[in-house]
Amino acid sequence: MKIAICPGSFDPATLGHIDVIERAARIFDRTVVLVLQNRDKACSFTPEERVAMLRRATSWMRNVTVEQSSGLLAKTCEGMGDVVIVKGLRAVSDFEHEFQMALMNKKLNEKLDTLFLTANERFQYISSSVIKEICTYGGDVSGLLPPEIHDEVVERLRRERTCRTM
Ligand code: PNS
């Protein structure tokens with residue numbers, strides 16, 4: 001059984017993420033969305049919250065499950081079976097970092113390949129960070145977030161801003 005691993009920090013998951021997960025699920029027998037830590041990012045949601053939101057947003061995809069790990073991606077993939085990492089590539093600016101991570105994961109786990117899917121043009125400009133920024137200042141992010149998690153994300157980020165400015 002061929003398994004796609006879709007790794008990310010998903011803080012929060014965007015429609016761009018869901019698009020890549022859905023396309024991976026169509027190509028592979030099984031897809032595991034893996035919530036991981038990114039040391040370069042300050043997260044607004046706990047890993048458990050991100051997992052719960054991803055489960056709601058992907059519940060309609062029958063061969064998709066959501067898991068989390070606090071360790072290395074390459075190590076976590078060991079023992080998960082016949083896996084391939086699947087990531088979405090937006091603009092050229094994504095490339096350098098993604099290329100480095102793909103090579104490093106291969107170095108850490110010789111069997112691990114990374115497959116890049118070109119991001120859907122409708123979602124090229126979407127990122128979790130930009131969505132958080134817009135939400136925090138009260139902007140409209142409908143059509144950018146999965147509808148199943150839209151209200152929870154918006155409420156939390158607006159509350160976060162109120163707390164910071166008090
Ligand atoms: O969605 P992101 O934040 O771009 O995803 C990056 C992520 C979480 C996949 C990456 O930071 C990661 O793999 N973190 C787990 C720790 C790890 O394996 N780091 C080495 C990467 S080469």
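As the structure is a prediction and not an experimental result, all values here were calculated from the model.
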Original post:
Run the side-chain contact (heavy atoms from CB on, under 4.5 Å) check on Val130 and Tyr125 step by step: do they pass?
Top reply: CA-CA 9 Å; Val130 168; Tyr125 62 96; over 6 Å; no
Original post:
So Gln100 and Glu96, side-chain contact (heavy atoms from CB on, under 4.5 Å) or not? Walk me through it.
Top reply: CA-CA 6 Å; Gln100 184 186 28; Glu96 199 176 333; over 6 Å; no
**OP:** Apply side-chain contact (heavy atoms from CB on, under 4.5 Å) to Ser59 and Glu148, showing your working.
**Re:** CA-CA 10 Å; Ser59 60; Glu148 298 87 351; 5.7 Å; no
Original post:
side-chain contact (heavy atoms from CB on, under 4.5 Å) between Ser9 and Arg50: does it pass, once the steps are laid out?
Top reply: CA-CA 8 Å; Ser9 41; Arg50 286 178 267 151; 4.1 Å; yes
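Note that NZ of Lys111 is 12.0 Å distant from CG of Asp113, once rounded to the nearest 0.5 Å. Taking OG1 from Thr58 and CE from Met53, the interatomic distance works out to 12.0 Å, rounded to the nearest 0.5 Å. Atoms OG1 and CD, on Thr76 and Glu78 in that order, are 8.5 Å from each other to the nearest 0.5 Å. Note that CG of Asn63 is 11.0 Å distant from CD1 of Ile3, once rounded to the nearest 0.5 Å. Rounding to the nearest 0.5 angstrom, the gap separating the OG1 atom in Thr65 from the CG atom in Leu34 is 9.5 Å. One distance of note links CG of Asn109 with CG of Leu72; it measures 10.5 Å at 0.5 Å rounding.
Proximity of Leu112 to Ile5: side-chain heavy atoms (C-beta onward) are nowhere separated by under 4.5 Å. By the 4.5 Å heavy-atom criterion applied to side chains, Ile126 and Ile131 are counted as neighbours. With a 4.5 Å cut-off on side-chain heavy atoms, Asp11 and Lys41 do not count as touching. Residues His17 and Ser128 are in side-chain contact: their nearest non-hydrogen atoms beyond the backbone lie under 4.5 Å apart. Side-chain contact check for Val84 versus Phe28: some heavy-atom pair is nearer than 4.5 Å. Looking at heavy atoms from C-beta onward, Met1 lies out of side-chain contact with Asp82 at the 4.5 angstrom threshold. In this structure the side chain of Met61 reaches within 4.5 angstrom of the side chain of Ile18, judged on heavy atoms. Contact annotation: the side chain of Phe10 never approaches that of Gln68 to less than 4.5 Å [non-hydrogen atoms, C-beta and beyond].
Under the 4.5 Å side-chain heavy-atom criterion for Ile, Leu, Val, Met, Phe, Trp and Tyr, Met101 and Leu103 are members of distinct hydrophobic clusters. Clustering ILVMFWY residues whenever any of their side-chain heavy atoms sit less than 4.5 angstrom apart, transitively, puts Val64 in the very cluster that holds Val51. Phe99 and Leu117 fall into different hydrophobic clusters, where Ile, Leu, Val, Met, Phe, Trp and Tyr are joined by side-chain heavy atoms under 4.5 Å apart, directly or via other members.
Residue Glu48 qualifies as enclosed at atom CD: its count of foreign heavy atoms under 6.0 Å is above 12. Residue Met104 places its CE atom among 12 or fewer non-hydrogen atoms of other residues, nucleotides or ligands, all under 6.0 Å distant.
At distances below 3.5 Å, at least one donor-acceptor pair connects side-chain atoms of Arg23 with backbone N or O atoms of Thr118. The backbone N or O of Val66 sits less than 3.5 Å from a side-chain atom of Arg55, completing a donor-acceptor pair. When atom types are taken as modelled, the side chain of Asp19 and the backbone of Leu15 share no donor-acceptor pair closer than 3.5 angstrom. Between the side chain of Arg156 and the backbone N or O of Ser44, at least one donor-acceptor pair lies under 3.5 Å. Judged purely by atom type and a 3.5 angstrom limit, Glu49 uses its side chain to pair as donor or acceptor with the backbone of Thr46.
Listed here is the closest heavy atom pair of Leu36 and Gly71: CD2-O, 3.9 Å. Across all non-hydrogen atoms, the minimal contact from Leu108 to Ala74 is CB-CB, 3.6 Å. Between Thr14 and Pro146, the shortest heavy-atom distance links the atoms C-CD, 3.9 Å. Looking at every heavy atom in both residues, Val154 comes nearest to Cys135 through CG2-SG, 3.9 Å. Between Leu54 and Ala13 the shortest heavy-atom distance is CD2-CB, 3.6 Å. For the residue pair Glu98 and Phe116, the shortest heavy atom distance occurs at CB-CE2, 3.6 Å.
A salt bridge between Glu160 and Lys132 is absent, with no side-chain N of the basic residue lying under 4.0 Å from a carboxylate O of the acidic one.
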